[in-house]
Asker: 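This is the structure, below, for whatever I ask next.
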Amino acid sequence: MLQVENLHAFYGKSHVLHGVDIRVDAGEIVSLLGRNGVGRSTTVKAIMGMVEAKGSVKFKGEEIRGLESYQIAHKGLGYVPESRDIFPTLTVEQNLILGLKGKSAGRWSIDDMYRMFPRLKDRQHTQAGVLSGGEQQMLTLCRTLMGDPDLIMIDEPTEGLAPKIVELVAEYLKELQNRGISVLLVEQKLAIAMQISQRVYVMGHGHIVFEGTPAELTENAQIRREWLEV
C-alpha cells in the first residue's frame with residue numbers, strides 16, 4: 001500500500017531525514033515511534049508532499065513524491081495533522097461535509113461519524129472553534145475519513161486527550177482496519193501503539209533504528225531504553 005525508500009527531507013538547509021525506509025501493507029496498522037524532535041512528523045509530511053524531500057514514495061505502486069498534497073489526497077492517502085486544522089467558524093457538520101471529495105458513496109457517512117463519536121452529533125450545529133481539544137481531534141479524524149482514504153496517516157491522535165477519549169481513539173483505529181483502511185500512526189504513547197499495531201518502527205535522529213512486531217520491541221530492552229524511555 002505504501003512503500004517509502006531512502007527518504008531524505010529538508011527544512012531549508014537543515015537535513016532532517018536521512019534515508020528513511022517504511023512499508024505499510026494493505027489492512028495493516030503500523031506505528032512510527034520515537035521521542036519528540038526525531039523526525040516522525042516530518043516523515044508523514046514528506047510523504048504527503050508538504051516538505052522538500054528526496055527519495056521514493058510509492059502509494060499503491062505509483063510514485064507520488066513530487067506531487068502536490070491535494071493530488072496525493074485525491075489518490076486516496078489521508079492525513080490527520082497533529083495541529084487539528086479544523087475550520088473554526090464552520091459547524092461540526094459543515095467541517096465533515098468539506099471532507100468529501102465528490103464521491104457519491106464511500107465507506108463512511110456522516111451518520112457513521114456520529115455513531116462512532118456521539119459527542120459530535122450532540123455538537124453538529126456548533127461552530128468547531130469552540131469545541132474542546134478532544135472534540136476537535138475527533139472532528140479532524142472524522143473529516144479525513146469522509147474523503148474515503150485507502151490509507152490514513154495520523155499524527156499524535158492521543159496527544160492531550162483524556163484517558164477515556166484515548167480509549168475511543170484506539171477503538172476507532174481498529175474500526176478503520178476492520179473497514180479495510182491501512183493506518184500509519186505517529187504516536188508517543190507506547191501502550192496504545194503496542195496494543196493495536198501489527199508492526200512498529202522506532203525513529204531516532206532522522207533515521208529508523210528499529211523495525212519489528214510489538215512483541216519483538218517488547219523483548220528489545222536496549223532499543224526501548226535508548227530511543228523510547230524518558
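All heavy atoms count here, side chains included; hydrogens, waters and symmetry mates do not.
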Asker: Check for me, please, whether Tyr79 and Leu2 land in the same ILVMFWY cluster - side-chain distances under 4.5 Å, paths through other members count.
Answerer: yes
Asker: Between the side chains of Glu211 and Arg23, is the shortest nitrogen-to-carboxylate-oxygen separation below 4.0 Å, so that they form an ion pair?
Answerer: yes
Asker: Hey, does Met203 have a side-chain heavy atom less than 4.5 Å from the side chain of Val20?
Answerer: yes
Asker: With clusters defined by side-chain heavy atoms of hydrophobic residues (ILVMFWY) lying less than 4.5 Å apart, directly or transitively, does Leu173 cluster with Phe117?
Answerer: yes
Asker: Leu139, Met113: one ILVMFWY side-chain cluster at the under-4.5 Å cut-off?
Answerer: yes
Asker: For the residue pair His8 and Phe10, does the interplanar ring angle fall in the parallel (under 30°), tilted (30 to 60°) or perpendicular (over 60°) class?
Answerer: parallel
Asker: Nearest 0.5 Å please: distance from the CZ atom of Arg143 over to the CD1 atom of Ile86.
Answerer: 7.5 Å
Asker: So Gln188 and Arg40, do their side chains get closer than 4.5 Å, heavy atoms only?
Answerer: yes
Asker: Compare all side-chain heavy atoms of Asp155 with those of Pro81 and state whether any distance is below 4.5 angstrom.
Answerer: no
Asker: Minimum heavy-atom separation for Val51 and Ala9, please, with both atom names.
Answerer: CG2-CB, 4.2 Å
Asker: Would you mind reporting whether Ile97 and Ile110 have side-chain heavy atoms less than 4.5 Å apart?
Answerer: yes
Asker: To check you understand the geometry: which heavy-atom pair defines the closest contact between Ser31 and Ala193, and what is its length?
Answerer: OG-CB, 3.5 Å
Asker: Which atom pair, heavy atoms only, marks the closest approach of Lys174 to Ile196?
Answerer: CE-CG2, 3.5 Å
Asker: Is any side-chain heavy atom of Trp108 closer than 4.5 Å to one of Leu176?
Answerer: yes
Asker: Verify, without hydrogens or angle tests, whether Asp112 (side chain) and Ser109 (backbone) share a donor-acceptor contact under 3.5 angstrom.
Answerer: yes
Asker: Ile154 versus Glu187: any side-chain heavy-atom pair under 4.5 Å?
Answerer: no
Asker: Can you give me the closest heavy-atom contact between Ile208 and Phe210, atom names plus distance?
Answerer: CG2-O, 3.4 Å
Asker: Are the side chains of Met1 and Asp25 in touch, meaning some heavy atoms are under 4.5 Å apart?
Answerer: no
Asker: Report the distance from atom OG of Ser182 to atom NZ of Lys60, rounding to the nearest 0.5 Å.
Answerer: 10.0 Å
Asker: Where do Glu82 and Ser41 come nearest, in terms of heavy atoms and distance?
Answerer: OE1-OG, 4.1 Å
Asker: Write down the atom of Leu120, the atom of Cys142, and the distance for their closest heavy-atom approach.
Answerer: CD1-SG, 3.9 Å
Asker: Remaining members of Phe87's ILVMFWY cluster at a side-chain heavy-atom cut-off under 4.5 Å?
Answerer: Leu90, Leu98
Asker: Taking side-chain contact (heavy atoms from CB on, under 4.5 Å) as the criterion, tell me which of Ile72, Ile64, Leu77 meets it with Val57.
Answerer: Ile64
Asker: Using the test side chain to side chain donor-acceptor pair (under 3.5 Å), find all partners of Lys75 that sit at least two apart in sequence or belong to another chain.
Answerer: Glu62
Asker: How far apart are the C-alpha atoms of Glu63 and Ser56, what are their side-chain angles, what is the distance that settles it, and do they pass the side-chain hydrogen bond (donor to acceptor under 3.5 Å, both in side chains) test?
Answerer: CA-CA 7 Å; Glu63 183 65 52; Ser56 176; 2.8 Å; yes
